[in-house]
K.L.:
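My questions will all concern the structure given below.
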Protein chains: 2
Amino acid sequence: MGNNQHDVPDIVVGRLPIYLRALSAMQAGGKHYTSSHELAEWLGISSAQIRKDLSHIGEFGKQGTGYSVSGLHEQLRQILHLDREWPLIVVGAGNIGSAVASYTGFAQRGFRVVALFDHDPQKIGTQAGPFTVRDNEEIPSFVKGNHVLHAMIAVPAQYAQEVADLLVASGIQGILNYAPINLSVPEGVHVEYIDPVLHLQKMTYYFD
Amino acid sequence: MGNNQHDVPDIVVGRLPIYLRALSAMQAGGKHYTSSHELAEWLGISSAQIRKDLSHIGEFGKQGTGYSVSGLHEQLRQILHLDREWPLIVVGAGNIGSAVASYTGFAQRGFRVVALFDHDPQKIGTQAGPFTVRDNEEIPSFVKGNHVLHAMIAVPAQYAQEVADLLVASGIQGILNYAPINLSVPEGVHVEYIDPVLHLQKMTYYFD
DNA sequence: TAGATTGTTAATCGATTAACAATC
DNA sequence: TAGATTGTTAATCGATTAACAATC
């Protein structure tokens, strides 16, 4: 009660999309109601954690009954600002960049790739899935002109920082970086990382 | 001193590959020594955390001097069992699976994709980068015959669980799942997840 | 030596879990 | 009503940080 949106811990914010994803799956499966216990089992976490997490953002359940799947889904969508479609650009038209730009999984979940950029004159102008590859030099005007806030970086590690600098200078506020390197960005710009090798290396510790 | 490998907290194990990655970058940059302070600034975490994390696995530094970049790099490689090359298979020869199978970033970091599988008769036998797509039915014999422990799942969400079941039955012990769905696997099998949309959705909470 | 930095201990901080009154 | 489940409080657990003696 009286939960200010801005005192939700980051770690909790990070789990809300996971809850949303589970609720989508339940909805697709025709389920109308669920409980913290069921969600917890589904996700392999504790039911107390789910109730506690949700309590940071509001009250969505009914004692004895649990949660309306579609109701909670809709609430989470609004809290995460996913009740709209966010445009997104991809920089880097190699294997990863092209694959990710063509990925069809964004549409249902609040995002749409609107352009694919590359630095290489050999690639500029070529077709990659539904996109004609644009010149990196067009990034600033494109980002400003289309009110784009999100970008994915899929260039080799040695170019990632300069691309990030260009993106930030262009007005990008959220970067998802596929290059295996840490970026430095100004306060206020969000960076997330995807590096499959880190995940694999984490597992090998337990192997042998 | 007397640190048993098995009392290293998971959360610390998860950071060791990040340290390793930073040390590789330093090494590539010709740096010979570093300190917990320098690493910390590089990674945006505290120096105390780095020293504390490393203390779980041994003593690698010298007072006054810090850490030998190559020395600590080598130690971490050994602790993470990356002093060998791990074979890896990819299931799903769509956009993402094909891109990831062709990704050249595995080789230097301990992994090598050795086969790409798909269920679709239209795809089996076709070429995807350096791979001829194999039939999913070959997975059990291939995994056993080649002592493969790691697999990446890059199939549509609705098939991911059955693929996971097949992989586990074949002897796979570590799964990196690109499908946006939670998998259930037996005790002892490691699962890691990559879902770019979760990262993007986490950021939009802070936007608007 | 003087300055720097480690590895470790103790203190702090924050996240997770357990428990239960409220109530559908 | 009786059974179930929420939202919340208090207890526990674990992770991070601060501080510093040891020492290169």
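Here is the naming used below: chain letters follow the sequence lines, and residue numbers restart at 1 for every chain.
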K.L.:
With a 4.0 Å limit, can you tell me whether A/Thr65 has a side-chain N or O closer than that to the phosphate oxygens OP1/OP2 of C/dC24?
P.N.:
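No, outside the criterion.
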K.L.:
Does D/dT16 have OP1 or OP2 under 4.0 Å away from a side-chain N or O of B/Arg15?
P.N.:
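So the side-chain polar atoms of B/Arg15 do come within 4.0 Å of the phosphate oxygens OP1 or OP2 of D/dT16, strictly under.
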K.L.:
Searching all strands shown, indicate the nucleotide that pairs with C/dT9 (Watson-Crick or G-U wobble; both distances under 3.5 Å).
P.N.:
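Its partner is D/dA18 (Watson-Crick or G-U wobble, both distances under 3.5 Å).
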K.L.:
Using 0.5 Å steps for rounding, measure from the CE atom of B/Met203 to the NE2 atom of A/His190.
P.N.:
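Rounded to the nearest 0.5 Å, the CE-NE2 separation comes to 8.5 Å.
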K.L.:
When both hydrogen-bonding distances must be under 3.5 Å and the geometry is Watson-Crick or G-U wobble, what is D/dG3 paired with, if anything?
P.N.:
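Partner of D/dG3: C/dC24.
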K.L.:
Ignoring backbone atoms, test whether B/Ser46 places a side-chain nitrogen or oxygen under 4.0 Å from the OP1 or OP2 oxygen of D/dT17.
P.N.:
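For D/dT17, OP1 or OP2 has a side-chain N or O of B/Ser46 closer than 4.0 Å.
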K.L.:
Taking for each residue the nucleotide of DNA chain C with the nearest heavy atom, is it A/Ile11 or A/Arg51 whose nucleotide lies nearer the 5' end?
P.N.:
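Looking at the nearest nucleotide for each, A/Ile11 comes out on the 5' side.
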K.L.:
Take atom CD of A/Glu59 and atom P of C/dT23, then tell me their distance rounded to the nearest Å.
P.N.:
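Value for this atom pair: 11 Å.
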K.L.:
Is any side-chain nitrogen or oxygen of A/Tyr33 closer than 4.0 Å to OP1 or OP2 of C/dC24?
P.N.:
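No, A/Tyr33 has no side-chain N/O under 4.0 Å of OP1/OP2 on C/dC24.
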K.L.:
Looking only at side-chain N and O atoms, does A/Gln49 come under 4.0 Å of OP1 or OP2 in C/dT16?
P.N.:
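Looking at the OP1 and OP2 atoms of C/dT16, one of them is under 4.0 Å from a side-chain N or O of A/Gln49.
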K.L.:
Please compare A/Lys52 and A/Gly66 by the position of their nearest nucleotide in DNA chain D and report the one closer to 5'.
P.N.:
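Upstream on the strand: A/Gly66.
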K.L.:
Among C/dT5, D/dT17, D/dC24, which is the nearest nucleotide to the side chain of B/Lys62?
P.N.:
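Looking only at side-chain atoms, B/Lys62 lies closest to D/dC24.
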